[in-house]
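Have a look at the structure below, then the notes.
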Amino acid sequence: MLSFAFMRHAYIAGTMIAVISGIIGVYVIGRNMSFLSHMLSEIGFSGASFGIFMSWPPLNGMLLFTIVSSVLIGQMSSNSSRREASISAISSLFLGSGILFLSLANKNASDATSILFGSMIGISQSEVDQILWLSIAVLVIIFIVYRDLRFDSFDHVGAQVKGVNTQAISIIFLVILALSVSVAAQIVGSLLIFVLLTLPASSAKYFTRTVSGMMVFSIGAALLGVWLGLYLGYVTNWPVSFFIAMIECVIYFGALTWNRIKNG
C-alpha cells in the first residue's frame, strides 16, 4: 500500500491533520463552538469552489474564505447573544456564493465530490508540503497563546477578570480554526471535517479531566480514525471520509457507554 506515492502523501497529510484536529477540537468543545466548526466547513466548500473557478488550488480558495469569514465572525460576535445569528448570516452568504462559483466554473460532478468528501488520491507532494507548513504555523500560534487560550476557553469569566484580552484571543482562535478546517478538508472533505474537530475531543472529556490529557486522547482518537480510515478506503475503494466518520462515532458512543457504566 505504501509503495504508492499517493498513499504515502495521504498518510503524511492525514497524520498532520489528525494532530491539528485533535488539539483544536479540545478548544472547540471548551468554547462550545461545534456549530461554528460546522459552518466553517460549509464556507470551506465555498472557498474551494471559488478556487476552482479562479483556476487556483482548492486549498488556497478555502484558506481565503475561511480566514476572512472567521475574522468577520470574530468582529461581529463578541456579544455571545449575536454569535449564532452572525455565523448563520455569513455562512449563508458564502455557501450561496460557493454554489454559484462551482456552477460558473463548468466543472463536472467529481470536482464537487472531492471538495465535499475529500480524496486520498488527490494529494500531491506540493499539497503535502503546504499542509505541513500550515500545520506547523497552527502549532506555533497555539504554543504562543496557549496559556491565555486555555484560560479563556475553559473559564471565560475568570479570563476577563484577570485582564486577558478575550476578544483578541477569540479572533486568533477563529483564524487557527479556519486554517485547521482548510487543512483537514483535503482528506476528510469540507462536509465532514467537523467530525474530526468535535468527536475525538468530545470522547476525551469522558476519560480525562485535564486539558493536556484531553489533547492526548483526542489526538490518539483522531489518528486512529484517519490511519484506519485511509487503510479501509484503500482496500475497499469506498470513501475515506465514511470510514473516518464511522470510526469516530464508534469511539464516541463507546465513551458514552463507558461513562454510563462508570457512573451507573
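Just so we're clear, the structure is a prediction, and the values are computed from it rather than from any experiment.
Here OG of Ser21 is found 11.5 Å from CG of Leu199. Values are rounded to the nearest 0.5 Å. From Ile169, atom CD1 reaches atom CG of Asn165 across 7.0 Å, with rounding to the nearest 0.5 Å. Here CD of Gln167 is found 7.5 Å from OG of Ser170. Values are rounded to the nearest 0.5 Å. With values rounded to the nearest 0.5 angstrom, Leu256 atom CG is found 9.0 Å from Ser202 atom OG. Here the CG atom belonging to Leu196 is positioned 10.5 Å from the CZ atom belonging to Phe194, to the nearest 0.5 angstrom. The distance from the CG atom of Leu132 to the CD atom of Gln125 is 9.5 Å, given to the nearest 0.5 Å.
The number of heavy atoms from other shown groups lying within 6.0 Å of CZ (Phe154) is above 12.
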Which is it for Trp238 and Leu232 under the side-chain contact (heavy atoms from CB on, under 4.5 Å) test, yes or no, and what are the steps along the way? CA-CA 8 Å; Trp238 290 7; Leu232 292 174; over 6 Å; no
So Leu179 and Ile24, side-chain contact (heavy atoms from CB on, under 4.5 Å) or not? Walk me through it. CA-CA 10 Å; Leu179 290 173; Ile24 296 297; over 6 Å; no
Evaluate side-chain contact (heavy atoms from CB on, under 4.5 Å) for Val28 paired with Phe173, printing each intermediate quantity in order. CA-CA 9 Å; Val28 169; Phe173 173 74; 3.9 Å; yes
Tell me, with the steps shown, if Ile141 and Ile172 meet side-chain contact (heavy atoms from CB on, under 4.5 Å). CA-CA 8 Å; Ile141 295 172; Ile172 291 172; 3.8 Å; yes
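A 4.5 Å side-chain heavy-atom check between Gln130 and Leu134 finds at least one atom pair inside the cut-off. Between Thr15 and Val226, every side-chain heavy-atom pair lies at or beyond the 4.5 Å cut-off. Arg31 places a side-chain heavy atom less than 4.5 Å from the side chain of Leu149. Residues Thr210 and Met215 have side chains not in contact (no heavy-atom distance under 4.5 Å, counting atoms from C-beta outward). Residues Ile251 and Pro200 fail the side-chain proximity criterion, which asks for heavy atoms closer than 4.5 Å. Side-chain contact check for Leu177 versus Leu197: some heavy-atom pair is nearer than 4.5 Å.
Judged by a 6.0 Å distance limit and a 45° cone about the ring axis, Arg150 is not positioned over the six-membered ring of Tyr27.
For the residue pair Thr198 and Ser34, no side-chain donor N or O sits within less than 3.5 Å of a side-chain acceptor on the partner. Between the side chains of Asp152 and Gln160, not a single donor N or O lies within less than 3.5 Å of an accepting N or O.
Both Ile244 and Tyr11 are assigned to one and the same hydrophobic cluster, defined by single-linkage of ILVMFWY side chains at heavy-atom distances under 4.5 Å. Note on Val140 and Val26: same hydrophobic cluster, where clusters join Ile, Leu, Val, Met, Phe, Trp and Tyr whose side-chain heavy atoms are under 4.5 Å apart, directly or indirectly. Leu2 and Val128 fall within a single hydrophobic cluster, where Ile, Leu, Val, Met, Phe, Trp and Tyr side chains are chained together by heavy-atom contacts under 4.5 Å. In this structure, Leu224 is a member of the same hydrophobic cluster as Trp227, with clusters built from ILVMFWY side-chain heavy atoms closer than 4.5 Å. Under the 4.5 Å side-chain heavy-atom criterion for ILVMFWY residues, no single connected hydrophobic cluster contains both Met62 and Val71.
The two residues Phe45 and Gly98 come nearest to each other via the heavy atoms CE2-C, 4.5 Å. Of all non-hydrogen atoms in Ile29 and Ala201, the two that sit nearest each other are CG1-CB, 3.6 Å. Ser182 and Leu59 get closest at one heavy-atom pair: O-CD1, 3.3 Å. Nearest approach of Gly229 to Phe243, heavy atoms of both residues: CA-CB, 3.7 Å. In plain terms, the two heavy atoms of Ser135 and Met16 that are nearest each other are CB-CE, 3.3 Å. Closest approach of Ile193 to Ala184, counting heavy atoms only: CD1-CB, 2.7 Å.
Not a single donor-acceptor pair under 3.5 Å links the side chain of Ser103 to the backbone N or O of Ile99. Judged by distance alone, with hydrogens and angles left aside, the side-chain atoms of Ser70 form a donor-acceptor pair with the main-chain N or O of Ile67 at under 3.5 Å. Remark: the backbone N or O of Gly213 is not paired with any side-chain donor or acceptor of Thr208 at under 3.5 angstrom. Under a 3.5 Å cut-off, the side chain of Thr257 and the backbone N or O of Phe253 do form a donor-acceptor pair.
Phe50 meets the ring pair (Phe, Tyr, Trp, His ring centres under 6.0 Å) test with Trp56, Phe65, Phe101; sequence neighbours excluded.
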